[in-house]
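The block underneath contains the structure these notes are about, expressed in structure tokens.
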Amino acid sequence: MTITEVSEKYKIPLALLQRYAAEKADAESKGGKHRQAEAYRFTDSDIEQLSVRMTLQEIGFAEEEIAAYLRLRQDDENSAEACLKMLNKLRGRTLDTIHGKEKALERIDYLRYELQTKKKGS
């Protein structure tokens, strides 16, 4: 599939596809082949890789973490354990963020309560 077809069919941002295709084209040119990123034909494997990349991005992984996670996925030995460790770490960070937001909501609600009771008392 072409870059435009993949973008339209799978709703993958064009910028991500261009970066991915350029990386693939660079990797291939080091092996003696030279292709333009725009002419790159996406395979099912590429689309799966991009889907994982987008999911990792959406859940909060930084670019370095995404690259590390994808490298680990390619390594069959012990990769599941290492990937799980990365996901557990992100889950912990996400829970910390949620708990912080819950505390902020409690404070907001308390301030609202104070204002509402003052208003009724006036």
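Bear in mind the structure is a predicted one, so any value in this text is a computation, not a measurement.
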### Task
Just do the side chain to side chain contact (heavy atoms under 4.5 Å, CB included) check on L90 and L56 with the steps written out, would you?
CA-CA 10 Å; L90 177 63; L56 296 173; over 6 Å; no
Donor-acceptor pairs under 3.5 Å, side chain of residues 46-54 to any protein atom, not counting sequence neighbours: which ones?
from: D46; atom 1: OD1; to: Y20; atom 2: OH; distance (Å): 2.7
from: D46; atom 1: OD1; to: Y40; atom 2: OH; distance (Å): 3.2
from: D46; atom 1: OD2; to: Y40; atom 2: OH; distance (Å): 2.7
from: D46; atom 1: OD2; to: T43; atom 2: N; distance (Å): 3.0
from: D46; atom 1: OD2; to: T43; atom 2: OG1; distance (Å): 3.2
from: E48; atom 1: OE2; to: R73; atom 2: NH2; distance (Å): 3.3
from: R53; atom 1: NH1; to: E63; atom 2: OE1; distance (Å): 3.4

### Query
Is L111 close to E114 at the side-chain level, that is, under 4.5 Å between some pair of heavy atoms?
yes
### Message
Please enumerate all residues that pass side chain to side chain contact (heavy atoms under 4.5 Å, CB included) together with A82, with sequence neighbours excluded.
### Response
L72
### Query
Among pairs that include at least one residue of residues 90-102, which meet side-chain hydrogen bond (donor to acceptor under 3.5 Å, both in side chains), considering only residues two or more places apart or in two chains?
E65-R93
### Summary
In this structure, CG of L84 is separated from OG of S79 (nearest 0.5 Å) by 11.0 Å
#### Entry: Distance, nearest 0.5 Å, that separates CD of Q18 from CG of L14
4.0 Å
### Task
Could you grab the distance from atom CZ of R41 to atom CD of E5, nearest 0.5 Å is fine?
6.0 Å
### Message
For Q116, give me all partners under side chain to side chain donor-acceptor pair (under 3.5 Å), at least two apart in sequence or on another chain.
### Response
none
### Query
Should we count CG of N88 as having more than 12 external heavy atoms under 6.0 Å?
yes
### Query
Under the ring pair (Phe, Tyr, Trp, His ring centres under 6.0 Å) test, which residues partner F61, sequence neighbours left out?
Y69
### Message
For a 4.5 angstrom cut-off between non-hydrogen side-chain atoms, does K9 reach F42?
### Response
no
### Query
Got R112 and I108 here, is their nearest side-chain heavy-atom distance under 4.5 Å?
yes
### Residue pairs passing the ring pair (Phe, Tyr, Trp, His ring centres under 6.0 Å) test where at least one lies in residues 70-95, sequence neighbours excluded
none
### Task
Ignoring hydrogens and angles, tell me if any N or O in the side chain of S7 forms a donor-acceptor pair with the backbone of P13 under 3.5 Å.
no
